[in-house]
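Down below is the structure, laid out as structure tokens.
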Amino acid sequence: MASLSSQLFANALKRIPGGVNSPVRAFRGLGREPFFIDRAEGARIWDVDGNEYIDYVGSWGPAILGHAPKVVLDAIRETAGRGVSFGIPNPLEVEMAELICRWVPSIEKVRMVNSGTEATMSCLRLARGFTGRGKIIKFEGCYHGHVDALLVQAGSGALTHGRPDSAGVPADFAALTISLPFNDIEAVRAAFRENPKSIAAIILEPIPANAGLYFPRENFLKALREECTKNGALLIFDEVMTGFRVARGGAQEMFGIQPDLTALGKIIGGGLPVGAFGGRADIMDQLSPEGPVYQAGTLSGNPLAMAAGLAQLRELERIDGWKLLETAGARFEENARATLHDLKQPWVFHRVGSMFCLFFTPDPVIDLASAKRSDPARFASFFRGCLDRGVYFAPSQFETGFLSTSHTLDDIDRTSAVVRESLRMFS
Ligand code: HOZ
């Protein structure tokens, strides 16, 4: 008798393309079907067949306190009792804007949207409107949602499923996107030389986390800041994943770099659909109705999303979540390195705070090309080994793992035993 998940997936395949509402959930190339979730709490998820997993995906980032934290549920219930959507301003939007501007000083003004994709898309339009220029620079393997201009050499599901350049993006659009290797400042300088006064912005994940996880070389971000300023282009940080996670003020706080615009999402919605973009007031004031750049949304600033996000962010601050996440991350890394130490095959382990990634490659991973050298077959069998033993890591080599403040040291040690078992098959 097929499992309930399997029956649901068979039905889903008939009515939903690929059976999923976002390709990263499809488990393709892993020798497994996706499972369907019944409920989630803390660091754990349970599928509809009653299997329990320690979860390191955390809804792809939003669940920084773990699943269904009481403070967030209470805030949603309390707010929902007064209505779920108004399409007119509500006080929570102002509270959220004030909190974001306080925590992320490069953001002087902010606008709420409904997803990270909307946030990056709006940043690009605003950058083009502000500078009067058309071209943008992005980096190979960085993923900024499914924005036409950014589905060029894109990471995440686009990369996992072998379509980093999506069909449906007209060549004329893609021609406005200059895609360069991450960490290659000379390539950036050359692009500015070859496209004088026509590049509106550079957009990047300051810590790329959609082709696995790797890091900017020392001074790379600083050099990007300088090149943008020198060439009259805007610097846009996509902090949809790193925002409020690697530090209270995101990667820009960690590295001490001020971008002109920042895209946010995930954590600020407390698990509800949300995104935001903000930055210098003189740029943000180009937005309608102040300025000529149009951007809008029926559900933008939705009271439930604002309440959930505010509750989550305030709780993170109250418990000093970033310190807890670093402690958990450090233990996770210590365990991982001890476990991997005896592995005969090559590996690279990366971590920053509560984000981590394991590659099966002998070479340092610094960009998309080096991330792609990781052995996909080895990743697939590692993933299956962990899943079968009750640990759920992201179902792709080209994603990042997330810890939450709900992961206990005991969970992490249990995970380590599972990882050891799952790696044993390589020996
Ligand atoms: N932004 C997520 C991490 N790569 C992927 C989520 C999705 O595409 O569904």
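All ligand and atom numbering here is 1-based and tracks the order in the structure. Computed from a predicted model, the values in this text were never measured in an experiment.
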Next item on the list: Specify the protein heavy atom at minimum distance from atom 3 (C) of ligand 1: its residue, its atom name, and the distance to 0.1 Å.
Entry: E399 OE1, 3.3 Å
Check: Does the side chain of L358 reach to within under 4.5 Å of the side chain of F382, using non-hydrogen atoms?
Finding: yes
Notebook entry, point to check: Under 3.5 Å between some N or O of ligand 1 and some N or O of S156?
Noted result: yes
Notebook entry, point to check: Is there a donor-acceptor contact under 3.5 Å from the side chain of S5 to the main chain of F36?
Noted result: yes
Note to self: More than 12 heavy atoms of other residues, nucleotides or ligands under 6.0 Å from CD of E41: yes or no?
What the structure shows: no
Next item on the list: Could you find the nearest protein heavy atom to atom 6 (C) of ligand 1 and give me its residue, atom name and distance?
Entry: V24 CG2, 3.9 Å
Checklist line | Exam field: side chain N219 to backbone K222, donor-acceptor pair closer than 3.5 Å | finding: no
Notebook entry, point to check: For K266, is the nearest heavy atom under 4.0 Å from an atom of ligand 1?
Noted result: yes
Check: Which of the listed options, T117, N210, T160, N21, holds the heavy atom that is closest to atom 4 (N) of ligand 1?
Finding: N210
Note to self: Using a plain distance cutoff, I'd like to know if W60 has any nitrogen or oxygen under 3.5 Å from a nitrogen or oxygen of ligand 1.
What the structure shows: no
Checklist line | atom 8 (O) of ligand 1: nearest protein contact (heavy atom, Å) | finding: S22 OG, 3.2 Å
Item checked: Criterion ring-ring contact (aromatic ring centres under 6.0 Å, His included) against H350, the qualifying member of Y214, F332, F359 -> F359
Note to self: Checking the side chain of S404 only, and the main-chain atoms of S406 only, is there a donor and an acceptor separated by less than 3.5 Å?
What the structure shows: yes
